Amino acid sequence: MTDLVTWAELGGLLAAISGAAYARQAHPAAYWSTVGLPVSVARLLASYTSTMDACGLTVEPPRWRALAVKATTRREVRPVPPRRGMIRPTSTGLRLRLRLAPGQEPADVAASAERLRHAWGVHAVYVRDVKPGVVELRLVGFDVLRKVRMPRRTEAGPLRVSVALREDATAFVRDYRAVPHELVLGATLSGKSMFLRNLLVGLAAHPVVLVGIDCKRGVELAPFAPRLSALATDPEQAAELLPVLVKEMEDRYDLIKARQGVAPGTPDELITSDVWGLPEDERPAPIVLFVDEVAELFLVATRKEEERRDEMVTQLIRLAQLGRAAGIYLEVCGQRFGAELGKGATMLRAQLTGRVCHRVNDEASAKMALGDIAPEAVLAACAIAAELPGLAVVGDTSGGWSRIRTPYLSLADAAATCRETAHLAPDVPAIAPFRPHVPPVPVKGSGPLATPRPITE
């Protein structure tokens with residue numbers, strides 16, 4: 001009987017281990033909540049002091065404390081670690097705050113992130129500066145980019161879109177007020193179109209003017225036509241649309257200038273240098289211009305096309321330089337974007353503050369996107385595997401960068417959202433002639449409009 005119980009217990013133990021191993025691989029979030037979280041918390045509590053000492057994050061205690069220890073006990077006075085705050089578990093990891101000792105800085109903790117990861121058995125450790133003397137450790141229990149699940153609570157607004165998930169399990173928010181213009185690079189099937197799709201759907205739910213230039217005959221942006229206020233599907237149409245946008249920008253500057261011409265004694269809040277300082281009833285709707293496959297605007301074959309190219313590039317540069325104050329923002333996408341495209345390419349790229357680099361075919365393409373703002377991010381972009389579409393490295397001119405991945409969104413769902421939000425498209429008379437034609441949606445179950453002729457002998 002004892003042998004039977006022993007074998008039964010052993011079988012149950014093996015089944016539990018196998019189930020845990022399967023859950024860790026197939027359902028990492030469930031595994032973390034049931035097994036990984038308690039184990040990591042126990043490791044952290046049991047080894048906190050020794051781990052901090054091994055990482056060189058301990059300091060000599062204050063003199064009064066050392067004297068108190070010597071007076072009350074005979075123990076050896078040991079260095080003390082940073083004071084730890086309360087551990088806050090999350091669905092993807094742990095968060096806790098550390099109060100740094102005098103003489104320490106956040107860089108000291110960030111340099112030991114890899115050691116802390118191994119010591120506490122988590123996937124990654126990220127350090128964020130909260131305030132002087134306090135840092136937050138964000139422990140991620142598993143690879144959140146392998147299967148993207150966006151946080152339930154995300155920051156949203158007319159020009160703030162949660163478009164992807166960062167590797168530290170926080171949402172990557174595309175904020176046009178903070179980063180007016182952005183360059184998105186990526187090879188074929190790298191996920192660049194998915195990023196653009198999520199961005200369009202996020203903006204479609206707000207009263208924002210969406211304008212598209214898709215020189216691939218509109219195959220990328222045409223499904224979103226019900227929500228677009230203007231769409232150019234070839235370089236000829238783009239050459240007609242861009243001057244209209246430049247004129248709209250100039251008209252908005254005239255509106256701002258008229259508001260600035262106020263009498264002395266006017267309150268400061270009524271004086272503005274951009275459209276966001278105008279009264280809400282006078283403020284024009286923001287415009288976001290999407291340029292898909294920007295290289296098609298630069299490639300020319302004849303002298304006449306070269307002149308048209310120079311005009312379009314000049315207008316794009318003007319929009320990038322002056323559009324922010326007028327509420328006009330650029331989202332430029334392509335596979336490569338360098339000086340070899342032609343005159344003005346480098347100047348336009350310098351105006352695009354945000355950078356998103358998906359998988360590229362060569363290191364030179366990654367350098368075009370990230371080399372001038374975060375050279376160390378180039379290697380991370382080159383290491384993106386083809387098996388992870390949607391994975392990208394994002395950076396800005398501040399030098400910071402991180403890895404993100406866009407959640408999957410089917411084209412049918414995105415097109416349906418654009419149809420449902422078509423009534424939110426603001427009316428801009430200047431670009432009304434460029435509004436794409438949207439055929440009516442056929443009613444399900446309806447038969448053919450024409451009756452077929454009967455077959456005769």
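Small disclaimer: the values here were computed from a predicted structure and weren't measured.
- Proximity of a side-chain donor or acceptor of Ser47 to a complementary backbone N or O of Ser50 within less than 3.5 Å is not detected.
- Side chains of Val144 and Val148 form no contact here, defined as non-hydrogen atoms less than 4.5 Å apart.
- The CZ atom of Phe337 sits 9.0 Å away from the CZ atom of Arg355 when rounded to the nearest 0.5 Å.
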Show, in sequence, the C-alpha distance, side-chain angles and deciding distance for Ser193 and Glu220, and conclude whether the side-chain hydrogen bond (donor to acceptor under 3.5 Å, both in side chains) test is met. CA-CA 8 Å; Ser193 298; Glu220 291 289 347; 3.3 Å; yes
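- No side-chain heavy atom of Leu352 sits under 4.5 Å from any side-chain heavy atom of Glu182.
- For NZ of Lys216, the number of neighbouring non-hydrogen atoms (other residues, nucleotides, ligands) closer than 6.0 Å is greater than 12.
- Screening residues 93-115 for side chain to side chain donor-acceptor pair (under 3.5 Å) gives Glu114-Arg117, Glu114-His118 as the qualifying pairs, with residues at least two apart or on separate chains.
- Using a 4.5 Å heavy-atom cutoff, the side chains of Asp292 and Ile213 are not in contact.
- Under the 4.5 Å side-chain criterion, counting only non-hydrogen atoms from C-beta, Leu242 is in contact with Leu319.
- Electrostatic pairing of Glu331 and Arg174 counts as a salt bridge here, judged by a charged N lying under 4.0 Å from a carboxylate O.
- For residues 278-291, the set of pairs meeting the side chain to side chain donor-acceptor pair (under 3.5 Å) definition, not counting sequence neighbours, comprises Arg259-Glu282.
- Every residue two or more places apart in sequence or in another chain that forms a side chain to side chain donor-acceptor pair (under 3.5 Å) with Ser402 is listed here: Arg166.
- Annotation: side chain of Leu98 is not in contact with side chain of Val127 (no heavy-atom distance under 4.5 Å).
- Under the side chain to side chain donor-acceptor pair (under 3.5 Å) criterion, Asp168 pairs with Thr170, not counting sequence neighbours.
- The side-chain contact (heavy atoms from CB on, under 4.5 Å) check on Ala381 picks up Cys357, Ala366, Leu370, Val393, with sequence neighbours excluded.
- A donor-acceptor contact shorter than 3.5 Å is absent between the side chain of Arg336 and the backbone of Ala187.
- Checking side-chain atoms of Asp214 against main-chain N and O of Leu221 turns up a donor-acceptor pair under 3.5 Å.
- For Asp413, the salt bridge (Lys or Arg N to Asp or Glu O under 4.0 Å) criterion is met by no residue, not counting sequence neighbours.
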Kindly determine whether Asp53 and Thr58 satisfy side-chain hydrogen bond (donor to acceptor under 3.5 Å, both in side chains), including the steps that lead there.
CA-CA 5 Å; Asp53 189 21; Thr58 56; 3.2 Å; yes
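- Here the side chains of Leu185 and Leu183 are in contact, with some heavy-atom distance below 4.5 Å.
- Contact of the Leu228 side chain with the Leu200 side chain is registered, since non-hydrogen atoms from C-beta on lie closer than 4.5 Å.
- A salt bridge does not link Glu167 to Arg138: none of the charged nitrogens lies less than 4.0 Å from a carboxylate oxygen.
- For Lys247, the salt bridge (Lys or Arg N to Asp or Glu O under 4.0 Å) criterion is met by Asp251, not counting sequence neighbours.
- Side-chain atoms of Ser40 do not come within 3.5 Å of backbone N or O of Leu37 as any donor-acceptor pair.
- Listed by first and then second residue, the ring pair (Phe, Tyr, Trp, His ring centres under 6.0 Å) pairs that reach into residues 83-116 come to none, sequence neighbours excluded.
- In this structure, Asp129 has no side chain to side chain donor-acceptor pair (under 3.5 Å) partners at least two apart in sequence or on a different chain.
- A cation-pi arrangement, defined by a distance under 6.0 Å to the six-membered ring centre and an angle within 45 degrees of its axis, is present between Arg84 and Tyr48.
- Residue pairs meeting the side chain to side chain donor-acceptor pair (under 3.5 Å) criterion with at least one member in residues 312-328, sequence neighbours excluded: Glu250-Arg318.
- For residues 167-187, the pairs satisfying ring pair (Phe, Tyr, Trp, His ring centres under 6.0 Å) are Tyr176-Tyr329, with sequence neighbours left out.
- Residues that satisfy the side chain to side chain donor-acceptor pair (under 3.5 Å) test with Ser190, not counting sequence neighbours, are absent from this structure.
- A 4.5 Å side-chain heavy-atom check between Ile404 and Phe195 finds at least one atom pair inside the cut-off.
- Of all heavy-atom pairs between Ala326 and Tyr253, the closest is CB-CE1, 4.1 Å.
- For the side chain to side chain contact (heavy atoms under 4.5 Å, CB included) with Val208, the lone residue among Leu424, Leu159, Val161, Ile287 that qualifies is Leu159.
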